Amino acid sequence: MTVARIVLGVLTLSLLAGFPLWAETRGADPVINRQYQDPDYGLWVERFEREGREVYDQREAIVAGSGVRPGMTVADVGAGTGLFTRLFARVVGPGGKVYAVDISKTFVDNVLRTAREQGLNNVSGIVNSQSDTGLPPASVDILFLCDTYHHFADGNEARGAV
């Protein structure tokens with residue numbers, strides 16, 4: 001898969017997240033998210049942030065292709081280990097903001113910890129539910145999803161955030 005295709009897929013999902021794509025369906029079974037309720041953060045870092053994982057290998061190109069600029073507000077929905085949260089935080093700089101949104105309090109707490117350790121004070125965390133991102137209405141310039149959309153109960157969770 002090319003970088004352009006990854007970026008296009010990520011951006012397409014990000015742009016479409018606010019529209020009723022599957023309103024007639026029930027979405028993901030809540031069981032899909034149980035393993036993230038009390039995850040081993042270190043194990044997931046090893047799994048997600050490793051050479052050979054295409055998204056990891058192409059992370060810089062994905063961020064560059066996203067259109068994120070200094071001063072923007074970005075929501076990394078399904079932030080997981082915070083790989084993209086931290087990358088976006090560097091790009092938006094001190095005048096911008098990045099929300100690390102995840103269903104796992106463990107993930108959010110660790111993303112905030114690692115961001116602070118790296119001097120990234122423009123990151124805020126939101127522990128969300130399977131049916132709501134917890135983002136305030138019209139609060140972000142870009143909503144970023146990467147390997148996450150299939151975890152939502154419904155395609156409308158991010159409606160109104162962008």
Side-chain angles (χ1 to χ4, degrees), residues 1-15 17-18 33-130 132-152 157-158 161-162:
M1 185 178 291
T2 67
V3 172
R5 222 170 138 198
I6 292 170
V7 170
L8 180 61
V10 169
L11 293 176
T12 300
L13 287 175
S14 297
L15 292 172
N33 293 315
R34 284 198 186 134
Q35 67 179 328
Y36 304 106
Q37 292 304 311
D38 188 25
D40 178 334
Y41 180 74
L43 175 72
W44 287 99
V45 168
E46 290 174 15
R47 186 173 290 172
F48 289 159
E49 299 183 30
R50 64 173 172 74
E51 298 295 330
R53 181 175 186 243
E54 191 167 22
V55 169
Y56 181 82
D57 292 344
Q58 301 298 326
R59 64 194 179 278
E60 298 291 341
I62 292 169
V63 171
S66 72
V68 172
R69 296 181 313 275
M72 286 183 137
T73 300
V74 177
D76 181 6
V77 178
T81 59
L83 171 66
F84 285 103
T85 300
R86 292 185 302 273
L87 293 170
F88 286 130
R90 287 183 186 93
V91 174
V92 302
K97 183 172 190 160
V98 179
Y99 290 103
V101 181
D102 203 279
I103 198 165
S104 168
K105 183 175 181 343
T106 299
F107 281 158
V108 171
D109 289 347
N110 280 285
V111 170
L112 293 175
R113 177 185 55 78
T114 58
R116 299 301 178 263
E117 288 171 357
Q118 296 176 25
L120 302 169
N121 297 314
N122 57 351
V123 176
S124 295
I126 295 176
V127 178
N128 69 309
S129 72
Q130 183 170 309
D132 187 346
T133 62
L135 289 163
S139 59
V140 300
D141 298 304
I142 293 181
L143 180 83
F144 178 80
L145 302 166
C146 180
D147 197 18
T148 303
Y149 203 70
H150 58 281
H151 289 277
F152 295 135
E157 283 80 14
V162 265

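Scope of the values below: all heavy atoms of this structure, side chains included, with no hydrogens, waters or symmetry mates. Since the structure is predicted, the reported quantities are computational estimates derived from the model, not experimental observations.
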| message | Applying side chain to side chain contact (heavy atoms under 4.5 Å, CB included) to V92 and V74, what does each step give before you reach the verdict? | response | CA-CA 8 Å; V92 302; V74 177; 4.0 Å; yes

| query | How about L120 and R90: do any of their side-chain heavy atoms sit closer than 4.5 Å? | reply | yes

| message | Quick check for you: to the nearest 0.5 Å, what is the distance between E54 atom CD and R59 atom CZ? | response | 13.0 Å

| Would you say the side chain of N128 lies within less than 4.5 Å of the side chain of D132, judging by non-hydrogen atoms? | no

| Roughly how far, to the nearest 0.5 Å, is CG of N122 from OG1 of T85? | 10.5 Å

| said: Would you compute the distance between atom CG of L112 and atom OG1 of T114 and round it to the nearest 0.5 angstrom? | reply: 8.0 Å

| message | With rounding to the nearest 0.5 angstrom, report the OG to CG distance, S124 to L135. | response | 10.5 Å

| task | Answer whether the closest heavy-atom distance between the side chains of F84 and V98 falls below 4.5 Å. | result | no

| message | Run the side-chain hydrogen bond (donor to acceptor under 3.5 Å, both in side chains) test against E60 and tell me which residues pass, sequence neighbours left out. | response | none

| Any idea which heavy atoms bring G80 and F107 closest together, and the distance? | O-CB, 3.3 Å

| field | Counterpart residues, side-chain hydrogen bond (donor to acceptor under 3.5 Å, both in side chains), relative to D57 (two or more places apart) | value | none

| query | V140 and A75: which non-hydrogen atoms are nearest, and at how many Å? | reply | CG1-CB, 3.7 Å

| field | Heavy-atom check, side chain of Y99 versus side chain of T73, under 4.5 Å | value | yes

| Heavy-atom side-chain contact between D102 and V111 under 4.5 Å | no

| Flag side-chain contact, heavy atom, 4.5 Å: N121 against R116 | yes

| query | Are I126 and T133 side-chain neighbours, meaning at least one heavy-atom pair lies under 4.5 Å? | reply | no

| request: Give a yes or no on whether R69 atom CZ has more than 12 heavy-atom contacts from other residues, nucleotides or ligands under 6.0 Å away. | output: no

| message | Do V123 and R86 have side chains that approach each other closer than 4.5 Å (heavy atoms only, starting at C-beta)? | response | no

| task | Grab the two heavy atoms, one from V127 and one from K105, that are nearest each other, plus how far apart they are. | result | CG2-CA, 3.8 Å

